[in-house]
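Structure first, then comments.
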Amino acid sequence: RCSELTGSLIIPNTVVTIGDYAFQECSGFTGSLIIGNSVTTIGKWAFWGCYGFSGKLILGNSVIKIGEQAFQDCKGFTGSLKIPNSVTEIGGYAFGWCDGFDGSLILGKSLSGFGLYSFWFCNGFSSVVVLASEPPEIDPDTFSASRFDNTIPVYVPCESSAEYSQTSGWDYFDDYQEIRPYDIALFSSNETMGTV
């Protein structure tokens with residue numbers, strides 16, 4: 001419950017675990033939340049109620065588990081939300097009421113499933129990108145209960161669209177398109193000019 005914080009919150013690459021309730025109800029942030037590439041676990045309620053963010057939520061590429069209600073009520077994030085390929089588990093209400101996103105929801109290829117309320121009322125996404133060849137297990141009402149627009153495009157790996165469109169829960173969406181997923185890493189050749 002630290003108040004009057006400003007700017008972005010950046011978790012450095014030296015941090016491995018973000019404990020339960022670590023930043024619960026910390027208010028005043030005005031930028032992005034960037035979680036470093038060494039973090040493997042984000043505990044339950046870790047950032048619950050951290051309202052005020054106006055930038056992006058960037059999850060490091062080593063995160064395996066996102067605890068229940070980890071980012072619930074973190075209103076204000078913009079852009080896309082990318083769940084890294086390393087993530088296998090997303091807890092209930094993990095992103096509940098995070099209603100500022102206006103880009104894509106990108107689900108990594110290791111995600112085997114997520115709870116009914118994991119993206120509760122995160123209904124501003126313009127598309128869903130799923131990198132898993134097999135549809136992750138979800139409740140039949142996962143996307144309808146979260147008020148997702150069923151007409152937004154859903155991009156899935158080649159030769160997977162038929163299975164997605166016929167799988168319970170995923171059959172909520174009407175527009176499936178196939179993609180070939182690639183990971184692209186960018187590095188600055190001159191970091192004095194900035195980083196990517």
Side-chain angles (χ1 to χ4, degrees), residues 1 8-27 29 31-53 55-125 127-132 134-139 141-143 145-148 154 169-170 181 183:
R1 294 188 176 88
S8 296
L9 173 56
I10 300 171
I11 307 298
N13 289 332
T14 52
V15 174
V16 176
T17 300
I18 300 172
D20 297 345
Y21 312 100
F23 296 93
Q24 180 183 350
E25 293 185 289
C26 289
S27 60
F29 293 112
S32 298
L33 171 52
I34 301 170
I35 295 176
N37 288 324
S38 296
V39 173
T40 59
T41 303
I42 301 171
K44 64 183 180 182
W45 294 57
F47 298 95
W48 183 87
C50 290
Y51 60 87
F53 286 108
K56 296 187 176 193
L57 171 57
I58 300 174
L59 303 175
N61 56 23
S62 295
V63 175
I64 297 171
K65 180 180 178 181
I66 300 172
E68 61 185 48
Q69 297 176 280
F71 298 96
Q72 182 177 322
D73 280 323
C74 288
K75 300 179 186 296
F77 289 123
T78 59
S80 296
L81 172 60
K82 180 180 181 181
I83 306 300
N85 287 328
S86 54
V87 173
T88 60
E89 182 180 344
I90 299 176
Y93 293 100
F95 299 94
W97 290 279
C98 292
D99 57 3
F101 294 110
D102 54 8
S104 297
L105 171 60
I106 304 167
L107 302 173
K109 60 187 176 184
S110 298
L111 189 62
S112 58
F114 49 90
L116 171 63
Y117 304 113
S118 295
F119 299 98
W120 185 250
F121 282 93
C122 292
N123 52 13
F125 292 111
S127 66
V128 177
V129 180
V130 193
L131 301 181
E134 299 288 328
E137 291 184 21
I138 59 173
D139 186 278
D141 298 322
T142 294
F143 291 108
S146 297
R147 306 296 193 269
F148 272 66
V154 179
W170 292 100
D183 286 327

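Position 1 is the first residue of the sequence, and the numbers go up from there.
Leu33 contributes atom CG, which lies 5.0 Å from atom CG of Leu9 (distance to the nearest 0.5 angstrom). Taking CD1 of Ile18 as the reference point, atom CD1 of Ile35 lies at 4.5 Å (rounded to 0.5 Å).
Distance alone, capped at 3.5 Å, is enough to place a donor-acceptor pair between the Ser86 side chain and the Asn61 backbone. Side-chain atoms of Asn85 come within 3.5 Å of backbone N or O of Lys109 as a donor-acceptor pair.
Looking at Phe71, Phe47, Phe77 one by one, the single match for ring-ring contact (aromatic ring centres under 6.0 Å, His included) with Phe53 turns out to be Phe77.
Between Cys74 and Cys98, the closest heavy-atom pair is O-SG, 3.7 Å. Residues Gly92 and Ser118 share a closest heavy-atom pair of CA-OG, 4.3 Å. Taking both residues in full, the closest heavy atoms of Val15 and Thr17 are given as CG1-O, 3.6 Å, listed atom of the first, atom of the second, then distance. Contact record, Ile66 with Ala70: CG2-CB, 3.8 Å, taken as the closest heavy-atom pair.
Under the 30°/60° scheme for interplanar angles, the aromatic rings of Phe114 and Phe119 are found to stand perpendicular. Between Trp170 and Phe143, the ring planes lie tilted relative to each other; the angle falls in the 30° to 60° range.
Leu59 has its side chain within reach of Ile42: a pair of non-hydrogen atoms, C-beta onward, lies under 4.5 Å apart.
Applying the salt bridge (Lys or Arg N to Asp or Glu O under 4.0 Å) test to pairs two or more places apart or on separate chains, those with a residue in residues 94-104 are Lys75-Asp99. Every pair passing side chain to side chain donor-acceptor pair (under 3.5 Å) that includes a residue from residues 31-53 is listed here, sequence neighbours excluded: Trp45-Gln69.
For the side chain to side chain contact (heavy atoms under 4.5 Å, CB included) test, residues two or more places apart in sequence or in another chain that qualify with Phe121 are Trp97, Asn123, Arg147.
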